[in-house]
Amino acid sequence: MGKSMTTLWIGMRLFFAAHLTPMTPLRPRLVAAMGEQRYAGAFSLISLAGLVVIIWGYGLAKDSAAGAAFVYEPPAWGWHITMLLTLLAFISLAISFHKGRLKLWLKNPMSIAVALWSAGHLFANGTLPDVVLFGAFLAFSLLDIAWCTATGKAPSFEPKPRHDIIAPVAGVILFAVFLYLHAWIIGVSAFPAA
């Protein structure tokens, strides 16, 4: 494994270690030892550090030999599926920040958004760094949905009906903005080469 993939793996281990901890008995022990605020601060710092290293490692990996190594050849129609699933992901993401009936119905819209985003990107990207990155996020989001379902973790609030209109509209707008800025933010155009 080259240095670029190693960097990606380190970032993913940091990020997912922080996000998997709440699913284990370790979280209450850490909260008891550190306090809720310090635990939340440490969680945020480790998650952010992991995310930064993931982005850095992914960029390195895409520019390395690993970035040219295809695990599978994406189908010609894969881009269209990617666009559809990513649009739905942004709508689900927007729903997660609002208090409408859609959030109560979806129960775990943030993880659903990550699952849709990562699954969508696997239809258009088949190199080793892509499969490792998007595959890991897909696996984690599905695990989180299963864990929340098994433990009965779900949002509870008095729904605001207007949020069921605001959230999908916000999601579509976010999708359009991100699509436009994709090349600048990620370094790769969201549109296939002509």
Side-chain angles (χ1 to χ4, degrees), residues 11-55 81-124 130-179 185:
M12 288 171 56
R13 285 174 182 165
L14 282 171
F15 184 85
F16 290 120
H19 282 77
L20 288 170
T21 298
M23 300 180 190
T24 70
L26 184 58
R27 185 192 185 280
R29 293 178 192 169
L30 289 172
V31 170
M34 302 169 65
E36 189 70 49
Q37 286 188 330
R38 285 185 182 174
Y39 170 80
F43 172 88
S44 298
L45 283 174
I46 294 170
S47 297
L48 181 60
L51 191 59
V52 168
V53 177
I54 284 173
I55 294 167
I81 301 298
T82 301
M83 290 296 103
L84 173 62
L85 294 182
T86 305
L87 170 60
L88 295 174
F90 272 99
I91 292 171
S92 188
L93 178 66
I95 288 169
S96 74
F97 290 107
H98 289 80
K99 291 187 175 180
R101 287 165 294 191
L102 287 171
K103 184 172 183 175
L104 294 175
W105 178 63
L106 290 176
K107 293 185 173 65
N108 207 344
M110 179 69 78
S111 287
I112 291 171
V114 174
L116 290 168
W117 166 80
S118 51
H121 280 72
L122 287 170
F123 278 98
D130 295 314
V131 172
V132 168
L133 177 67
F134 299 119
F137 273 95
L138 177 59
F140 169 75
S141 58
L142 294 176
L143 176 63
D144 187 57
I145 292 167
W147 178 75
C148 288
T149 302
T151 58
K153 184 180 177 184
S156 178
F157 52 82
E158 187 65 34
K160 300 177 181 179
R162 70 179 185 278
H163 283 204
D164 291 320
I165 298 170
I166 294 169
V169 171
V172 171
I173 292 170
L174 282 171
F175 171 73
V177 169
F178 194 75
L179 205 61
I185 296 170

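These values consider heavy atoms only, across backbone and side chains, with no hydrogens, waters or symmetry-generated copies.
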(request) Give, for atom CG of L30 and atom OG1 of T24, the distance between the pair rounded to the nearest 0.5 Å. (result) 7.5 Å
(request) State, yes or no, whether a side-chain contact exists between V132 and M12 at a heavy-atom distance under 4.5 Å. (result) yes
(request) Name all residues meeting the ring-ring contact (aromatic ring centres under 6.0 Å, His included) criterion together with F137; count only those two or more places apart in sequence or in a different chain, and write none if there are none. (result) F15, F16, W117
(message) Working to the nearest 0.5 angstrom, can you tell me the gap between T86 OG1 and L93 CG?
(response) 12.0 Å
(request) Could you pull out all residues at least two apart from I173 that satisfy side chain to side chain contact (heavy atoms under 4.5 Å, CB included)? (result) V169, V177
In a table with atom names and distances, give each donor-acceptor pair under 3.5 Å that connects a side chain of residues 31-47 to protein atoms at least two apart or in another chain.
{"from": "E36", "atom 1": "OE2", "to": "R27", "atom 2": "NH2", "distance (Å)": "2.9"}
{"from": "S44", "atom 1": "OG", "to": "A40", "atom 2": "O", "distance (Å)": "3.0"}
{"from": "S47", "atom 1": "OG", "to": "F43", "atom 2": "O", "distance (Å)": "2.8"}

(request) Kindly say whether I112 contributes a backbone atom to a donor-acceptor pair with the side chain of S141 at under 3.5 angstrom? (result) no
(request) Could you tell me which non-hydrogen atom of P155 sits nearest to which non-hydrogen atom of L104, and how far apart they are? (result) O-CD2, 3.5 Å
(message) Can you tell me how far apart CD1 (I145) and OG1 (T149) are? Round to the nearest 0.5 Å.
(response) 7.5 Å
(request) Return each pair, listed once, that meets salt bridge (charged side-chain N to carboxylate O under 4.0 Å, His left out) where at least one residue sits in residues 130-141; pairs must be two or more places apart or across chains. (result) K62-D130
(message) Working to the nearest 0.5 angstrom, can you tell me the gap between S96 OG and L102 CG?
(response) 12.0 Å
(request) Please name the pair of heavy atoms, one in I54 and one in G11, separated by the smallest distance, quoted to 0.1 Å. (result) CG1-C, 3.4 Å
(request) State, to 0.1 Å, how close T82 and A124 come at their nearest heavy-atom pair, and which atoms those are. (result) OG1-CB, 3.2 Å
(message) Closer than 3.5 angstrom, by distance alone: can the side chain of T21 be matched with the main-chain N or O of A17 as a donor-acceptor pair?
(response) yes
(message) Which heavy atom of A94 sits nearest to which heavy atom of A167, and what is that distance?
(response) CB-O, 3.2 Å
(request) Measure the CG-CD1 distance between N108 and I95 for me, rounded to the nearest 0.5 Å. (result) 12.5 Å
(message) D144: which residues meet the salt bridge (charged side-chain N to carboxylate O under 4.0 Å, His left out) condition with it, sequence neighbours left out?
(response) none
(message) When you compare the side chain of L179 with that of M83, does any pair of heavy atoms fall below 4.5 Å?
(response) yes
(request) Provide the full list of ring-ring contact (aromatic ring centres under 6.0 Å, His included) pairs with a residue in residues 148-168, sequence neighbours left out, each pair given once. (result) H98-H163
(request) Among residues two or more places apart or on two chains, list those pairs meeting salt bridge (charged side-chain N to carboxylate O under 4.0 Å, His left out) that have a residue in residues 102-120. (result) none
(message) Restricting to side chain to side chain contact (heavy atoms under 4.5 Å, CB included), what partner residues turn up for T151, sequence neighbours left out?
(response) W147, K153
(message) If the condition is side chain to side chain contact (heavy atoms under 4.5 Å, CB included), which residues does V172 pass it with, not counting sequence neighbours?
(response) L87, I91
(message) Run the side chain to side chain contact (heavy atoms under 4.5 Å, CB included) test against L143 and tell me which residues pass, sequence neighbours left out.
(response) L20, M23
(message) Tell me the closest heavy-atom pair linking P109 and L106, and the distance in Å.
(response) CB-CD1, 4.0 Å
(message) List the residues meeting side-chain hydrogen bond (donor to acceptor under 3.5 Å, both in side chains) with R162, not counting sequence neighbours, and say none if there are none.
(response) none
